[in-house]
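Quick note on labels: first sequence line is chain A, next is B, and so on, each numbered from 1. For clarity, every value in this text was computed on a predicted model and none was experimentally measured.
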Protein chains: 2
Amino acid sequence: MTHHYDLLERLRAQGHRLTPQRDMILLAVHDAGGHASAEEIHQQVLLQNPNVDLSTTYRTLELLTEMGIVYRTDMGDGTSRYELAEEEMHHHLVCRRCGRVMDLSHDVLEPLQERLRADYGFAADFTHMVFQGLCEGCHGESTGEP
Amino acid sequence: MTHHYDLLERLRAQGHRLTPQRDMILLAVHDAGGHASAEEIHQQVLLQNPNVDLSTTYRTLELLTEMGIVYRTDMGDGTSRYELAEEEMHHHLVCRRCGRVMDLSHDVLEPLQERLRADYGFAADFTHMVFQGLCEGCHGESTGEP
DNA sequence: TTTCGTGCAAACCTTTTGCAGAGTG
DNA sequence: CACTCTGCAAAAGGTTTGCACGAAA
């Protein structure tokens, strides 16, 4: 995995400044290990420096997203989630009953992606899709709908 | 297609009251013909009665959603979209460049649904999925990324 | 030294809620 | 007549923005 110093260098290479806040925020995204909200990332940053403002976290996440360093995903709960883009492409299965989040490897989506291209001429952005549903445990126990 | 009076009857049958506001709002959802925002539905209602409050529109859409009369979909732009549930199950392809929305028939997703069930034990809620990407026109013209 | 980035405070946008009065059954 | 729904106004929650000061290059 690329070390976060390398990622910070990319900031400078593109004419952005390398500030301690950006360092901390990027590290927090990395440490969160996937699908962390802006608020969660900010809380992590506050442990190191209680003066960092939430708006700085938002602005930095925006910058990192534009640069392709992090991915932003809409989990459907009204908040955006962030994770490092460098991790292997994968998707999420979210259980609507227990909230469990499973990772789904990308090759499961390739046939669909191919068909959308062939039949609809549509190039789907299959980066970090989220599928809602019921996981194995909750599906079996279910009497029907919750 | 079921007439909206029948749907209004379902309200009364379940102990809810049949008000002119609910009538107008349900009709507006029907007339919008799919993926309309609460604000758009409300604007349509205002043409008939400028006194209807936006909160009434929200409360009614919530009620209709709970009753399964309309579906709520998160289009990923920070707003929810509503459409009549009685229409044939379908999904949406949203072009991130030109904003065009195409409908996708459900059978295209069935193989994926089956594989998620077989390989992950996950029963995906494939009701009104939204896929972002580039449509045929925008894909061809694109020099790369926007 | 010249920008760019930050903290602070306030605004924004969609959606939700408390309440008293109006309208339905 | 009883109780639900509505309009109004205000709040909530996540995110964005204007501004003057502070810090990178």
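OP1 or OP2 of D:dT15 lies within a sub-4.0 Å distance of a side-chain N or O belonging to A:Ser80. Checking the phosphate oxygens (OP1, OP2) of D:dT15, no side-chain nitrogen or oxygen of A:Ser55 falls inside 4.0 Å. Not one side-chain nitrogen or oxygen of B:Thr56 sits closer than 4.0 Å to the OP1 or OP2 atom of D:dC5. Phosphate proximity of C:dG23 to B:Arg17: absent, as no side-chain N or O sits under 4.0 Å from OP1 or OP2. OP1 or OP2 of C:dG5 has at least one side-chain nitrogen or oxygen of A:Arg22 nearer than 4.0 Å. For B:Gln21 and D:dG7, the shortest distance from a side-chain N or O to OP1 or OP2 is below 4.0 Å.
Checked against C:dT6, C:dT15, D:dA25, the side chain of B:Tyr58 finds its nearest nucleotide in C:dT15. Nearest to the side chain of B:Asp53, among D:dG7, D:dT16, C:dC8, sits D:dG7.
Summarising the geometry, the separation between CG on A:Asn51 and C1' on D:dA23 is reported as 15 Å, rounded to the nearest angstrom. Rounding to whole angstrom units, CG of residue B:Leu18 and C1' of D:dC3 are separated by 16 Å. Residue A:Glu39 contributes atom CD, which lies 16 Å from atom P of D:dA12 at whole-angstrom precision. Look at CG on B:Asn49: it is 10 Å from P on D:dC8, rounded to the nearest Å. The nearest whole Å value for the distance from the CG atom in A:Asp23 to the P atom in D:dA24 is 12 Å. Following rounding to the nearest Å, A:Gln43 (CD) and D:dG14 (P) show an atom-to-atom distance of 12 Å. If you take CD of A:Gln48 and C1' of C:dT6, they are 17 Å apart, rounded to a whole angstrom. Nucleotide D:dC19 holds its C1' atom 10 Å from the CZ atom of A:Arg59, rounded to whole Å.
Ion pairing of A:Arg59 with A:Glu62 is absent here, as no side-chain N (NZ or NE/NH1/NH2) approaches a carboxylate O to less than 4.0 Å.
Taking the six-membered ring for Trp and the full ring otherwise, the centers of A:Phe131 and B:Phe122 sit at least 6.0 Å from each other. Aromatic rings from A:His106 and A:His91 are positioned such that their centres are separated by under 6.0 Å.
In this structure, B:His16 and B:Leu63 have side chains that are in contact, with non-hydrogen atoms separated by less than 4.5 Å. Taking 4.5 Å as the limit, every side-chain heavy atom of A:Glu114 sits out of range of all side-chain heavy atoms of A:Glu110.
Residue-to-nucleotide proximity on DNA chain C shows that, of A:His16 and B:Gly78, the 5′-proximal contact is made by A:His16.
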